Amino acid sequence: MTDTDTIFGKIARGDIPADIVYEDDEVVAFRDLNPQAPTHVLIIPRKPIPTLNDATEEDAPLIGKLLLAAARLAKEFGFAEDGYRTVVNCNANGGQTVYHLHVHLIGGRPLQWPPG
Ligand code: AMP
């Protein structure tokens, strides 16, 4: 099994369906199946980087694009000014369940801090 065999790799390749809200050559964004807020989107690189720990200097522009896509989507969804949260979970203690790097974009209601 390779990294690309995660469910997100399959979504990025178009092998399984997702509610895609943005995509380009390098990035895909789709709605989370189990939303934690009125809007909960996952933003992934097409490149299958398993965790943030596996990202290299070479990936810096790509990771920047994930965050810029989050900010752009927050504006499009209309909650950029009210505010929102971006989260990258890493490994077991971070709560990561899918080992294809992803940024959660969560917005549309006030969010508690700190999270659980
Ligand atoms: P994490 O815990 O950071 O690895 O986040 C994984 C997220 O992926 C969870 O919020 C799940 O609800 C979500 N998820 C899992 N499978 C799918 C899927 N097929 N389509 C959309 N979201 C998914």
Side-chain angles (χ1 to χ4, degrees):
M1 185 160 133
T2 67
D3 300 330
T4 52
D5 287 324
T6 70
I7 195 122
F8 292 176
K10 290 184 172 72
I11 288 171
R13 294 196 303 275
D15 291 347
I16 64 165
D19 188 352
I20 292 174
V21 295
Y22 174 78
E23 63 182 321
D24 63 27
D25 287 352
E26 293 182 287
V27 171
V28 183
F30 52 93
R31 290 186 192 275
D32 196 296
L33 275 185
N34 183 26
Q36 303 301 310
T39 298
H40 186 168
V41 165
L42 302 169
I43 304 159
I44 69 169
R46 290 192 189 275
K47 179 180 177 182
I49 301 167
T51 79
L52 192 56
N53 291 341
D54 301 301
T56 65
E57 283 296 321
E58 180 186 290
D59 298 317
L62 181 57
I63 290 169
K65 284 177 187 176
L66 300 180
L67 287 173
L68 289 173
R72 213 167 43 244
L73 285 165
K75 286 185 194 122
E76 285 177 24
F77 287 123
F79 54 67
E81 291 306 317
D82 284 344
Y84 56 93
R85 185 167 295 157
T86 53
V87 175
V88 178
N89 295 326
C90 186
N91 280 340
N93 280 5
Q96 185 172 7
T97 59
V98 180
Y99 283 79
H100 182 124
L101 180 67
H102 50 281
V103 174
H104 294 254
L105 168 64
I106 304 165
R109 67 166 171 82
L111 300 165
Q112 280 190 316
W113 189 262

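Here, residue 1 is the first one in the sequence, and each next residue gets the next number. Counting starts at 1 for both ligands and their atoms, following the listed order. Predicted model only: the values in this text are computed from it and were never measured.
- Of the candidates K10, Q96, H102, it is H102 that places a heavy atom closest to atom 3 (O) of ligand 1.
- Residue contacts with ligand 1: F8 is included, with a non-hydrogen atom under 4.0 Å away.
- Not one N or O on the side chain of N91 forms a donor-acceptor pair closer than 3.5 Å with the backbone of N93.
- F79 and G108 make their closest contact through CD2-N, 3.7 Å (heavy atoms, listed as atom of the first residue, atom of the second, distance).
- The salt bridge (Lys or Arg N to Asp or Glu O under 4.0 Å) analysis of residues 50-60, with sequence neighbours excluded, yields the pairs K47-E58, K47-D59.
- Atom 19 (N) of ligand 1 has its closest protein heavy atom at L33 CD1, 3.6 Å.
- Within ligand 1, counting atoms from 1 as listed, the ones closer than 4.0 Å to a heavy atom of F30 are 21 (C).
- For atom 12 (O) of ligand 1, the closest non-hydrogen atom of the protein is D32 OD1, 2.5 Å.
- Protein heavy atom in closest approach to atom 4 (O) of ligand 1: T97 N, 2.7 Å.
- Contacts of N89 with ligand 1, taken as heavy-atom pairs under 4.0 Å, involve the side chain alone.
- For H40, no nitrogen or oxygen atom sits less than 3.5 Å from a nitrogen or oxygen atom of ligand 1, counting backbone and side chain alike.
- Side chain of E23 to backbone of V28: no donor-acceptor contact under 3.5 angstrom is found.
- Near R31, meaning under 4.0 Å from one of its heavy atoms, ligand 1 places the atoms 21 (C).
- Not one N or O on the side chain of E26 forms a donor-acceptor pair closer than 3.5 Å with the backbone of D24.
- Inclusion of G95 in the set of residues having an N or O under 3.5 Å from an N or O of ligand 1 is warranted.
- Contacts with ligand 1 closer than 4.0 Å are made by no heavy atom of Q36, backbone or side chain.
- Proximity of a side-chain donor or acceptor of R46 to a complementary backbone N or O of A12 within less than 3.5 Å is detected.
- Using cut-offs of 30° and 60° on the angle between ring planes, the pair F8 and F30 is perpendicular.
- In this structure, CG in D32 is found 11.5 Å from OG1 in T39, a value given to the nearest 0.5 Å.
- Taking every non-hydrogen atom of N34 and a distance limit under 4.0 Å, the qualifying atoms of ligand 1 come out as 12 (O).
- Contact annotation: for L42 versus ligand 1, heavy atoms closer than 4.0 Å belong to the side chain alone.
- Each of L42, T6, D5 was checked for a side chain to side chain contact (heavy atoms under 4.5 Å, CB included) with H100, and the lone residue meeting it is T6.
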